[in-house]
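Worksheet for the structure shown next.
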Amino acid sequence: MKGLCISPYKNYSSIHGTCNNGAAILTNCFHRNNINYPTHRSLPNIKLFSARWLKISCSASALSAAVVGEVEEKREIFDVEKARSLVKELQGVFNSGRTKSYEWRISQLNSISKMLDEKEKDITSALYKDLSKPEIEAFVSEISTAKASCKHALEELSSWMVPEKVQTSISTYPSSAEIVTEPLGVVLVISTWNFPFLLSIDPVIGAISAGNAVVLKPSEIAPVTSKLLAKLLDEYLDNSAIRVVEGAIPETTALLDQKWDKILYTGSAKVARIVMAAAAKHLTPVILELGGKCPAVVNSDINLQVASRRIIAGKWALNNGQACIGVDYIITTKEFAPKLIDSLVNEIEKCYGKNPLESKDKARIVSSSHFGRLVKLIDEDKVSDKIVYGGQRDENQLLIAPTIILNPPEDSEIMKDEIFGPIMPILTVDTIEDSFGVIKSRPKPLVAYLFTNNEQLKKSYVKNISSGGMLVNDTVLHLTVKGLPFGGVGESGMGSYHGKFSFDGFSHKKAVMYRSFDGDAPIRYPPYTPEKAKLFKVLISGNPLRVFLTFFGFV
């Protein structure tokens, strides 16, 4: 076990003032040394062997080595031709109308619900093998959330499918109109490793609810969960319309080469650009769920203990910081920072003990390369002397203690990209309102958090800070609200899903108007006389009184 030589915690106050085809296009996104690729979720952490089979670079631990061995079992190569054949087959199923019926959708959702109940232990076990997720965290953040999503779709699907009536105008009288929601067709879901079960099954629930045929590509970085998803979906769902494709860059590239009716991708902004470029070739719409540096602004007028616990819940208790919605950094005032740090440290030690590396209540870092990337961030010369708590690490177990860094330089690597790990920078400002400028100087985050009892500050934050979502006086829980969309803006993504937004995201809203053969107006047709022109302009105005007066010659 390795320790980091840092300044004693109590001394922190002394520094607080201061797209082509083929695998190549995806391959070029990642550094070959597997350390400096952009953070998170799907496709990175891969050692490349030109066009040959790829091996997942996992932890040096015996557990991870076993996982890698398990996923490297020989299987049939999935290439562009097989991807093309798969899509063609699913298009045939979709065109038959099989997936469009209410009965088919409900039957598949019921099967997912049954699967979640019957296979809870298997799912928990897979998540532990991939990420060492504690059982309660796996249940709360992945299994129960998936259950809630499925239950919501089962309860609301019939109402979601009902056409929406739309009022027509006098110029189209007599007529009626409605918006009919129809499935898009054959859709692709490319999932991620940090919540490998939830972020696979939740979009699939939405795609099925909307009546689509679906291909799921789970993340190869969570190989046990990927294999389990392939097994369970084949066992419980209609395999003629719902498929799982496992693999890494070659398989993903083969899939992206096809024409889809929609693609949902969760992962990094860099890979999202590749996904979007591939989709653009076919004019395929996309939902991109990315990430970014999610800030938490902490004012001094708060219940400090509760706020600290909730920040811990949205950082270290959330897959050990490996979450796109997790708190990436804190902004507070110089005056309040010492109190906040004291409180965070006290609550961290209540949660994880004096030696957090020994705690069994947090997930491990996903791989040796992610571990190396995080260590490099905290060992950077301009950052290492800013550590006020933590910094210890155990490379064999892929563990890094909760770490707090006070005022790292703006040009340090830790402040450039999403951290995606158990490291918490705290930036200080003179006044809490100065935090707005800090946030606006960066790309728009997926979530912006605020802790305050000041009502004016809340209103100002909501009005002036642009983010995918926002939560005041807590972290993460906004995702549990059925009626709220989940999605980013700008660099943090585009489009949204969850609940009705998932249904809408995988649907097309078709405008439909009905007319009878009665009420045919001669003014529509040539020859265009002055009288017709006059009446036509009045009809377009939509004023019933003017239409009546003009028609009978009073105007």
Side-chain angles (χ1 to χ4, degrees), residues 19-46 48 54 80 83 187-195 199-200 203 215-221 245 247-294 322-325 328 369-370 373 413 415-420 441-447 466-469 486-497 505-506:
C19 207
N20 293 316
N21 294 342
I25 189 168
L26 284 171
T27 299
N28 290 336
C29 286
F30 310 114
H31 298 291
R32 290 187 179 272
N33 62 10
N34 268 339
I35 296 293
N36 292 325
Y37 56 79
T39 60
H40 56 296
R41 292 163 296 277
S42 186
L43 293 176
N45 187 31
I46 293 171
L48 305 169
L54 297 106
V80 171
V187 301
L188 172 65
V189 174
I190 304 176
S191 187
T192 183
W193 60 259
N194 60 331
F195 295 90
L199 296 183
S200 295
V215 173
L216 168 65
K217 165 58 183 69
S219 173
E220 72 284 0
I221 308 303
V245 174
I249 290 177
E251 291 78 10
T252 306
T253 303
L255 290 169
L256 287 176
D257 194 55
Q258 310 310 309
K259 176 175 173 55
W260 303 91
D261 294 294
K262 192 146 197 177
I263 298 172
L264 186 149
Y265 166 73
T266 305
S268 71
K270 182 171 280 190
V271 177
R273 287 176 169 85
I274 296 166
V275 173
M276 196 170 181
K281 288 167 51 183
H282 305 290
L283 295 180
T284 298
V286 296
I287 296 175
L288 302 177
E289 296 300 339
L290 311 179
K293 297 187 76 64
C294 298
Q322 300 169 109
C324 58
I325 57 172
D328 188 271
S369 43
H370 267 280
R373 177 185 61 82
E413 292 300 318
M415 292 310 300
K416 289 180 181 179
D417 294 317
E418 185 177 5
I419 295 169
F420 227 66
S441 69
R442 303 177 178 279
K444 296 176 181 179
L446 183 59
V447 190
S466 179
S467 59
F486 173 66
V489 57
E491 286 282 315
S492 59
M494 64 177 66
S496 61
Y497 71 112
F506 286 107

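The heavy-atom pair separating Pro445 from Val489 by the smallest distance is O-CG1, 4.4 Å. The two atoms that bring Ser219 and Thr192 nearest to each other are CB-C, 3.3 Å, heavy atoms only. Nearest heavy atoms, Thr284 versus Asp261: CG2-C, 4.1 Å. Summarising the geometry of Pro203 relative to Val189, their closest heavy-atom pair is CB-CG1, 3.8 Å, with the distance given to 0.1 Å. Across all non-hydrogen atoms, the minimal contact from Lys217 to Ala248 is CE-O, 4.1 Å. Counting all heavy atoms, side chain and backbone alike, Ala278 lies closest to Leu256 at CB-O, 3.7 Å.
For the side chain to side chain contact (heavy atoms under 4.5 Å, CB included) criterion with Ile190, the lone passing option out of Leu199, Thr252, Thr266 is Thr252.
Here Ile287 contributes atom CD1 and Met494 contributes atom CE; the two are 10.5 Å apart, rounded to the nearest 0.5 Å. Taking CD of Glu289 as the start and OG of Ser496 as the end, the distance is 7.0 Å to the nearest 0.5 Å. Once rounded to the nearest 0.5 Å, the distance linking CZ of Phe506 with CG of Leu264 reads 4.5 Å. For the atom pair Phe420 CZ and Arg373 CZ, the distance stands at 8.5 Å (nearest 0.5 Å). Distance CD/Gln322 to NE2/His370: 7.0 Å, rounded to 0.5 Å.
Between Tyr265 and Val271, the closest side-chain pair of non-hydrogen atoms falls below 4.5 Å. The side-chain heavy atoms of Leu446 and Leu290, taken from C-beta on, include no pair separated by under 4.5 Å. Residues Glu220 and Glu251 are not in side-chain contact: their nearest non-hydrogen atoms beyond the backbone lie 4.5 Å or more apart.
Side-chain contact, Ser191 with Ser200: a donor N or O sits under 3.5 Å from an acceptor N or O.
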Practice item. Check the pair Lys281, Asp257 against side chain to side chain contact (heavy atoms under 4.5 Å, CB included), reporting the backbone distance first and the verdict last. Key: CA-CA 9 Å; Lys281 288 167 51 183; Asp257 194 55; 3.5 Å; yes

**Study point:** Audit row: Val80, Gln258, side chain to side chain contact (heavy atoms under 4.5 Å, CB included) steps and yes/no
**Key:** CA-CA 8 Å; Val80 171; Gln258 310 310 309; 3.7 Å; yes

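In this structure, the side chain of Arg442 engages the main chain of Met415 through a donor-acceptor pair within 3.5 Å.
Legend: residues meeting salt bridge (Lys or Arg N to Asp or Glu O under 4.0 Å) with Lys293, ordered by chain and number and at least two apart, are Asp328.
The pair Arg273-Glu491 meets the salt-bridge criterion, with a side-chain N (NZ, NE, NH1 or NH2) lying under 4.0 Å from an Asp/Glu carboxylate O.
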